[in-house]
Amino acid sequence: MQTSQDGTGRFYITTPIYYMNALPHLGHAYTTVLCDVMARYHRLWGDDTYYLTGSDEHGEKIAQAALASGESPQAFVDRISLAFRETWVKLGISNNDFIRTTEPRHQAVVQRILQEIYDRGDIYFGSYGGQYCLGCERFLAERELVDGRCPDHGTEPAYIEEKNYFFRMSKYQDWLIAYLNEHPDAVQPEQYRGEVLSFLRSPLEDLCISRPKSRLTWGIPLPFDDNYVTYVWFDALINYISALGYPDGELYQRYWPAAYHVTAKDILKPHAIYWPTMLKAAGIPVYRGLRVHGYWGVDQAKMSKSRGNVVRPLDLSDKYGVDAFRYFLIREMTFGQDASFSEEAFVMRYNAELANDLGNLLNRTLHMIGRYCDGRIPSPGDEQTEERRTFIERVLSTPAQVRQAISDWNPQGAVLATLELVRAANLYLELRAPWTAYKRGDQAHVNATLYDVASALRWTAILLYPVMPGKMTALWQALGQPGQPAWQDAREW
Ligand code: ME8
């Protein structure tokens, strides 16, 4: 089975680079953990994997947040970006790099691409007046407004008119529609691909890509006009290749365009419309896929500062353990759909699935191996009963199910398939009752049973390792296996 999905065995995955205007919350943690889980699965089966995250540090929103906290923009983003990086370390994130848009290596690539597109004639100087939403950091088309307000921020946009530079995005509308039709896998799940195509049914406007320095200085200067800085989205999207050392870097040669960008639905448009047209205009191949997930609410409401219900990931991982937190995020949200967070639901899953189903299976199995088999996993023996065959088939089919679920971008399905195996192993123990077999002296039955269940647990450790690296390494070692869980041939029994 080909799981890197492009035939090269390479898998490059990115999170959005989050705005450094506030500390990380549940939504940021979800995308970052999700990408981590995907990266770890791909590494597990040997794909050449690269995982990038980072911080978006320019623009009005950040300049204003810095002003409000009485710091210089640079000092402010240094502080917040560090808090993000510390959070990712605590959440066990295995990113290969962390890009900051204030780094010289990023700024140089942004300027290079601006110049390239300018020289090709797709950036022009013009005047524009429109409804500007500060939250979105972009001009909104009239048809996007709901009751005169931004649908995402609920605020009334301000009318702004000024001279600026524009990217001829409209020129690429037909190309983009054709591209999306020829590459149905480029934007998924299907509902989001449909949203993009339906947006593209109306004329696409050119994109304003500059801000006059008289209004905003916190940005990357345009290489062809020092009176302007680059619009934050045009700056930020380029992180996905600047981090690889575009155009000559070894990483760029190796991983572009084998890229999957993961975002929530809020930033579908910049990723599905601005970014591919920018790439096309600069003569760079388009990324392989955009994968869009839903939104987390809290107790059925939108998470927001004003409601005071912002969930901080470290509060939960400190209280329940990092692996339980990662497990809950992946297990609870169906990729593409919205989900609601509540601490009660978290505790319920934790008790039912991790403590009861998995924890009990392990404890019982280790206890019996200790008591009936001198603490060593017994040899399988040659019993050939129907119940045994059925169970072994169950164990051996689970790795392929998990692999399929991951290649379908269904990490929840991967977790549930493994959880089903755990439940089947608990039932198998009940059915086989090795404790009564031991009493009647049937050691062959005891050995076969405990061997089979230990194998199911060994596979569980491997298959849930990307989700719970710490706990699954402990499980693996409790079964007497050295090092970390490693993928193996599923036929090995
Ligand atoms: O948009 N549920 O940054 P941002 C799920 N800097 N995911 C959520 C979420 C929620 N309630 N809230 C946030 C930006 N996210 C730009 C990106 S990329 C070139 C530039 C996650 O800090 C989700 O991944 O607003 C969403 O797309 C992202 O945070 C938005 O982060």
Side-chain angles (χ1 to χ4, degrees), residues 13-36 38 52-63 65 77 80-81 83-84 87-88 91 93 98-102 106 109-110 113 133-138 150 152-153 192 218-220 230-243 259-276 278-279 287 290-305 307 309-313 328-330 332-342:
I13 187 164
T14 67
T15 71
I17 49 170
Y18 308 111
Y19 282 128
M20 292 297 114
N21 59 343
L23 295 171
H25 59 58
L26 181 71
H28 305 125
Y30 174 72
T31 316
T32 311
V33 167
L34 173 79
C35 290
D36 189 61
M38 292 301 290
L52 176 71
T53 186
S55 53
D56 191 353
E57 307 192 350
H58 289 129
E60 271 173 71
K61 234 194 298 209
I62 286 157
V77 295
I80 306 277
S81 174
F84 268 80
T87 301
W88 302 153
L91 294 185
I93 304 302
F98 186 100
I99 179 101
R100 302 182 58 186
T101 56
T102 50
H106 172 73
V109 177
V110 171
I113 287 176
C133 171
L134 182 61
C136 296
E137 295 221 25
R138 65 183 182 94
C150 165
D152 288 339
H153 296 93
Y192 298 112
W218 186 237
I220 301 176
T230 312
Y231 168 49
V232 67
W233 270 108
F234 201 97
D235 162 351
L237 287 161
I238 291 172
N239 91 86
Y240 300 131
I241 56 174
S242 69
Y260 283 94
H261 300 312
V262 181
T263 75
K265 60 189 183 180
D266 56 337
I267 49 176
L268 176 61
K269 223 171 280 168
H271 282 83
I273 296 178
Y274 305 175
W275 183 221
M278 285 164 63
L279 288 166
Y287 56 77
L290 173 64
R291 293 294 175 269
V292 185
H293 64 74
Y295 240 52
W296 281 95
V298 174
D299 299 321
Q300 311 297 331
K302 209 175 159 176
M303 184 167 42
S304 73
K305 254 193 208 155
R307 279 201 181 83
N309 64 352
V310 176
V311 177
R312 298 290 171 204
F328 180 78
L329 292 180
I330 300 303
E332 197 66 13
M333 183 175 258
T334 304
F335 194 90
Q337 294 172 22
D338 291 346
S340 177
F341 180 86
S342 78

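Whatever order the structure lists them in is the order used to number ligands and atoms, beginning at 1.
- Ranking protein heavy atoms by distance to atom 1 (O) of ligand 1, first place goes to I267 CG2, 3.4 Å.
- For a threshold of 3.5 Å applied to N or O pairs, the pair formed by Y18 and ligand 1 contains no separation below that value.
- Against a heavy-atom cut-off of under 4.0 Å, T31 is close to the following atoms of ligand 1: 21 (C), 23 (C), 24 (O).
- Among all protein heavy atoms, the one lying closest to atom 9 (C) of ligand 1 is G27 CA, 3.5 Å.
- Of the candidates D338, T263, T31, H293 forms a side-chain hydrogen bond (donor to acceptor under 3.5 Å, both in side chains) with just one, namely T31.
- Ranking protein heavy atoms by distance to atom 2 (N) of ligand 1, first place goes to W296 N, 2.8 Å.
- Taking distance alone, with nitrogen or oxygen atoms compared against 3.5 Å, Y30 stays at or beyond that limit from ligand 1.
- The distance from atom CZ of F84 to atom CE of M20, rounded to the nearest 0.5 Å, is 4.0 Å.
- In this structure, D36 CG and W88 CH2 are separated by 10.5 Å, a value rounded to the nearest 0.5 Å.
- Within the 4.5 Å cutoff, the side chain of D299 has no heavy atoms near those of the N309 side chain.
- For ligand 1, the polar-atom distance check finds an N/O of Y19 within less than 3.5 Å of one of the ligand's N/O atoms.
- Near A236, meaning under 4.0 Å from any of its heavy atoms, are these atoms of ligand 1: 19 (C).
- If you number the atoms of ligand 1 from 1 as listed, the ones under 4.0 Å from a heavy atom of H293 come out as 5 (C), 7 (N), 24 (O).
- Going from atom OH of Y18 over to atom NE2 of H25 covers 9.5 Å, rounded to the nearest 0.5 Å.
- Within ligand 1, counting atoms from 1 as listed, the ones closer than 4.0 Å to a heavy atom of G294 are 5 (C).
- Note: an N/O pair closer than 3.5 Å links A264 and ligand 1 by distance alone.
- In this structure, H28 NE2 and L91 CG are separated by 13.0 Å, a value rounded to the nearest 0.5 Å.
- Ring pair F341/F328 is perpendicular by interplanar angle, where above 60° counts as perpendicular and below 30° as parallel.
- In K265, neither the side chain nor the backbone holds a heavy atom less than 4.0 Å from any atom of ligand 1.
- Between L237 and ligand 1, no pair of N/O atoms sits closer than 3.5 Å.
- The closest approach between Y240 and ligand 1 falls below 4.0 Å for a heavy atom of the residue.
- H106 is listed as a side-chain neighbour of D235, based on a closest heavy-atom distance under 4.5 Å.
- A side-chain donor-acceptor contact under 3.5 Å links E57 and T102.
- Side-chain contact, Y240 with H271: a donor N or O sits under 3.5 Å from an acceptor N or O.
- The atoms of ligand 1 that sit less than 4.0 Å from any heavy atom of H271 are 18 (S), 19 (C).
- Looking at D266 against ligand 1, only its side chain comes within 4.0 Å, counting heavy atoms.
- Residue contact check for ligand 1: H25 places a non-hydrogen atom closer than 4.0 Å to it.
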### Task
Step by step, work out the side-chain hydrogen bond (donor to acceptor under 3.5 Å, both in side chains) result for W275 and H261.
CA-CA 11 Å; W275 183 221; H261 300 312; 3.1 Å; yes
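- Residue-ligand proximity, D56 to ligand 1, at heavy-atom distances under 4.0 Å covers atoms 6 (N), 16 (C), 20 (C).
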